Novice: 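After the structure tokens below, expect a handful of questions from me.
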Amino acid sequence: MFALIDGNSFYCSCERAFDPTLRNKPIAVLSNNDGCAIARTNEAKDLGLKMGEPWHLASKRPELKPMIWMSSNYALYGDMSRRMYEVLCEFAPRVDPYSIDEMFLDFEGLPCDTVAFAARIRDRVRQVAKIPTCVGLGPTKTIAKLANKLAKHDRSGPGVCDLNDPAERIRRYADIPLNEVWGIGPATAAKLARRGIDSVAAFIRMPLDETRDLLTVVGARTHAELRGIVCFPFSVAPQTRKSIAVTRSLGRPVMTWVEMEQAVASYVTRAAEKLRRHGLHVTAMQVFIRTNEFNADPKYSNQSTFEIEPTADTMALIADALRAARQIWRDGFRYAKAGVVLLDLKEPGDLPEEMFPSRDPDRSARLMAAMDAVNLRYGRRTVTPATAGVQQGWSMRRQRLSPRYTTHFDEMLNVRA
DNA sequence: TCTGGGGTCCTAGGACCC
DNA sequence: TCTGGGGTCCTAGGACCC
């Protein structure tokens, strides 16, 4: 049996955990660059704020006047997620984090009332990690996800929904639209709707071979899971990462190569830090730049993907990335976004020994270790490659940022008593 | 002036091989 | 009028997730 626990309006709840004046208020947390709403409290949903609504439009709507808008503070959310994880580990032998705010728990063979147990976990997370949650229970991950959603929709309910009983499940399935199901997105829902299938009940009545023909193995797995057949078991070993991306909208249009060079170099710097934190080397890279997709600016978009000598060295990666970026750069455009993706990540042990390395690997490793250590101790970007620039006029907007309560001493909460 | 970022998996189709 | 069959590998793009 699976349990899925999921933070309610997670980012907003994290903000509330440290600022009680935000309770019962309509809040939205904005995406990077203060672009659009990516988390809303129930109060915000009730005012009619939609997921993904651009802030510059939403903030002009009169009915959204009472909204409190906040920039996203990922340092805080990551930390709160860790706290939640630690609490869950007290209860279940296996906890499988699925996203920053969702974790699957292994409830197999629990000798107790699982619904009551789930309620206790919820209380504890609320008390210790200060995050309100809902829990869904089911024989498969897909059903547990669905149960979680039902628990969330029932705002005045107990916060726990159990879909283990097959009869109960069939009853509920009749009223659940397909877009509520994990793994069924807009394209699949539309495909099924064209065949007159618009509820979970109708979907699971579809014959398996027909499902597979229409939706390939992906849809067939979801189909089976909804019938109670496990296709997504608990992961045995944590799989290693396959790619690392750092892509950003620029805070204002960039028109000079000097600025683009800085942006790309600083994205590479960040990506390389992540790479080393995972203890990996990279053997291929992608760089892209593009103009604004929404406005009337002349459009240009290009990317370059290429193989590189395996490395985790920031300087080497910057050199490669800038060479590629220079090739796709065209003068005369207003660039709005750029990004760097590290592909084909490898464990260093899985790489063949370089016969004629272009760098001294030991020297590079020592330099990177020193850089990471300084930045860990004194804060990100204390030491940074010169190409990444100091004046970053193009960097993203975050005008409504909350303090980094949990990760910076000088921003910690002060309590006077 | 302002519309996110970071992932995974699967498939179709081309290139290539014998 | 006729033009094999079977296999692998790679990549671009689609779809989905939060």
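Letters go in sequence order (proteins before strands), and every chain restarts at 1. What you are looking at is a predicted structure, and each value in this text was computed from that prediction instead of being measured.
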Novice: Tell me whether the NZ or CZ atom of A:Arg330 lies within the 45° cone about the ring axis of A:Tyr300 and under 6.0 Å from its centre.
Specialist: no

Novice: With a 4.0 Å limit, can you tell me whether A:Lys337 has a side-chain N or O closer than that to the phosphate oxygens OP1/OP2 of B:dG5?
Specialist: yes

Novice: Looking only at side-chain atoms of A:Ser31, point me to the closest of B:dT11, B:dG4, C:dC17.
Specialist: B:dG4

Novice: Do A:Arg326's NZ or CZ and the ring of A:Trp257 fall within the cation-pi criteria of under 6.0 Å and 45°?
Specialist: yes

Novice: In whole Å, what is the span from the OH atom of A:Tyr77 to the P atom of B:dG6?
Specialist: 16 Å

Novice: Does A:Asp101 reach a base, just sugar-phosphate, or nothing at all? Heavy atoms under 4.0 Å.
Specialist: sugar-phosphate

Novice: More than 12 heavy atoms of other residues, nucleotides or ligands under 6.0 Å from CD of A:Glu411: yes or no?
Specialist: yes

Novice: Look at all strands and tell whether A:Val181 reaches a base, only sugar-phosphate, or nothing, counting heavy atoms closer than 4.0 Å.
Specialist: sugar-phosphate

Novice: Considering every strand and a 4.0 Å limit on heavy-atom distances, what is the contact class for A:Leu57: base, sugar-phosphate, or nothing?
Specialist: nothing

Novice: So if I take every side-chain heavy atom of A:Ser249 and compare against B:dC10, C:dC18, B:dG4, which nucleotide ends up nearest?
Specialist: B:dG4

Novice: So A:Glu225 and A:Val230, side chain to side chain contact (heavy atoms under 4.5 Å, CB included) or not? Walk me through it.
Specialist: CA-CA 6 Å; A:Glu225 282 246 319; A:Val230 174; 4.3 Å; yes

Novice: For A:Leu30 and B:dG4, what is the distance between atoms CG and P respectively, to the nearest whole Å?
Specialist: 11 Å

Novice: Between residues 251-281 of chain A and DNA chain B, which residues have a heavy-atom gap below 4.0 Å?
Specialist: A:Pro253, A:Lys274

Novice: Using a heavy-atom cut-off of under 4.0 Å over every strand shown, decide if A:Glu102 touches base, sugar-phosphate, or nothing.
Specialist: sugar-phosphate

Novice: For A:Arg397 and A:Ala245, find the nucleotide of DNA chain B closest to each by heavy atoms; which residue's nucleotide sits nearer the 5' end?
Specialist: A:Arg397

Novice: Which part of the nucleic acid, if any, lies within contact of A:Arg398, taking any heavy atom under 4.0 Å across all strands shown: a base, the sugar-phosphate backbone alone, or nothing?
Specialist: nothing

Novice: Assign A:Trp182 to base, sugar-phosphate, or nothing according to its heavy-atom contacts below 4.0 angstrom with the strands shown.
Specialist: sugar-phosphate

Novice: If you check every side-chain atom of A:Tyr74, which of B:dT11, B:dG4, C:dC18 has the closest atom?
Specialist: B:dG4

Novice: CZ of A:Phe232 versus P of C:dC16: gap in Å, rounded?
Specialist: 13 Å

Novice: Quick one: is B:dT8 close enough that its OP1 or OP2 comes under 4.0 Å of any side-chain N or O from A:Arg241?
Specialist: no

Novice: Side-chain contact, heavy-atom cut-off 4.5 Å: A:Val340 with A:Thr247?
Specialist: no

Novice: Assess A:Lys141 against A:Phe234: is NZ or CZ under 6.0 Å from the centre of the six-membered ring, and within 45 degrees of the ring's axis?
Specialist: yes

Novice: Roughly how many Å is it from CG in A:Asp96 to C1' in C:dC17, rounded to a whole number?
Specialist: 15 Å

Novice: So what does A:Lys191 hit on the nucleic acid, given a heavy-atom distance under 4.0 Å: a base, only sugar-phosphate, or nothing?
Specialist: nothing

Novice: From C:dC18, C:dC16, B:dC9, pick the nucleotide closest to the side chain of A:Tyr98?
Specialist: C:dC18

Novice: Can you check whether A:Lys242 has a side-chain N or O nearer than 4.0 Å to OP1 or OP2 of B:dC9?
Specialist: yes

Novice: Quick one: label A:Asn33 by what it contacts on the DNA or RNA (base, sugar-phosphate, nothing), any heavy atom closer than 4.0 Å.
Specialist: nothing

Novice: Checking all strands, does A:Val341 fall into the base, sugar-phosphate, or nothing category for heavy-atom contacts under 4.0 angstrom?
Specialist: nothing

Novice: Between atom CZ in A:Phe10 and atom C1' in C:dC17, what is the gap in whole Å?
Specialist: 17 Å

Novice: Which residue, A:Ile244 or A:Pro54, contacts DNA chain B at a nucleotide closer to its 5' end, judged by nearest heavy atom?
Specialist: A:Pro54

Novice: OP1 or OP2 of C:dC16 versus the side-chain N and O atoms of A:Thr188: is any pair under 4.0 Å?
Specialist: yes

Novice: Of the nucleotides B:dC2, B:dG5, C:dC17, which has the atom closest to the A:Asn295 side chain?
Specialist: B:dC2

Novice: What is the distance, to the nearest angstrom, from the NZ atom on A:Lys60 to the P atom on B:dC2?
Specialist: 11 Å

Novice: To the nearest Å, how far apart are A:Asn179 CG and C:dC18 C1'?
Specialist: 16 Å

Novice: Which heavy-atom pair separates A:Met70 from A:Ser402 by the least distance, and what is that distance?
Specialist: CE-CB, 4.1 Å

Novice: Taking atom types as modelled, find out whether A:Thr314 and A:Arg276 have a side-chain donor-acceptor pair closer than 3.5 angstrom.
Specialist: yes

Novice: Compare the minimum distances between each of B:dC2, C:dC16, B:dG6 and the side chain of A:Val246, then state the nucleotide with the smallest one.
Specialist: B:dG6

Novice: Where the side chain of A:Arg248 is concerned, which of B:dT11, B:dG6, B:dG7 is the nearest nucleotide?
Specialist: B:dG6

Novice: Do A:Tyr77 and A:Glu15 get their side chains close enough for a donor-acceptor pair, meaning under 3.5 Å?
Specialist: yes

Novice: Return the value, rounded to whole Å, for the distance between atom CG of A:Asn73 and atom C1' of B:dG4.
Specialist: 16 Å

Novice: If the cut-off is 4.0 Å, is A:Ser99 near the phosphate of C:dC17, judged by side-chain N/O to OP1 or OP2?
Specialist: no

Novice: Could you grab the distance from atom CG of A:Leu275 to atom CZ of A:Arg270, nearest 0.5 Å is fine?
Specialist: 11.5 Å

Novice: Using a 4.5 Å cut-off on heavy atoms from C-beta on, say whether the side chain of A:Phe91 contacts that of A:Arg124.
Specialist: yes

Novice: What would the secondary structure line of DNA chain C be in dot-bracket form, counting Watson-Crick and G-U wobble pairs under 3.5 Å, with [ ] for pairs that cross earlier ones and | for pairs with another strand?
Specialist: ....||||||||||||||

Novice: A:Ile27 versus A:Trp69: any side-chain heavy-atom pair under 4.5 Å?
Specialist: no

Novice: Looking only at the side chain of A:Val218 (C-beta and beyond, no hydrogens), which of the listed nucleotides B:dC10, B:dT3, C:dC18 gets closest?
Specialist: B:dC10

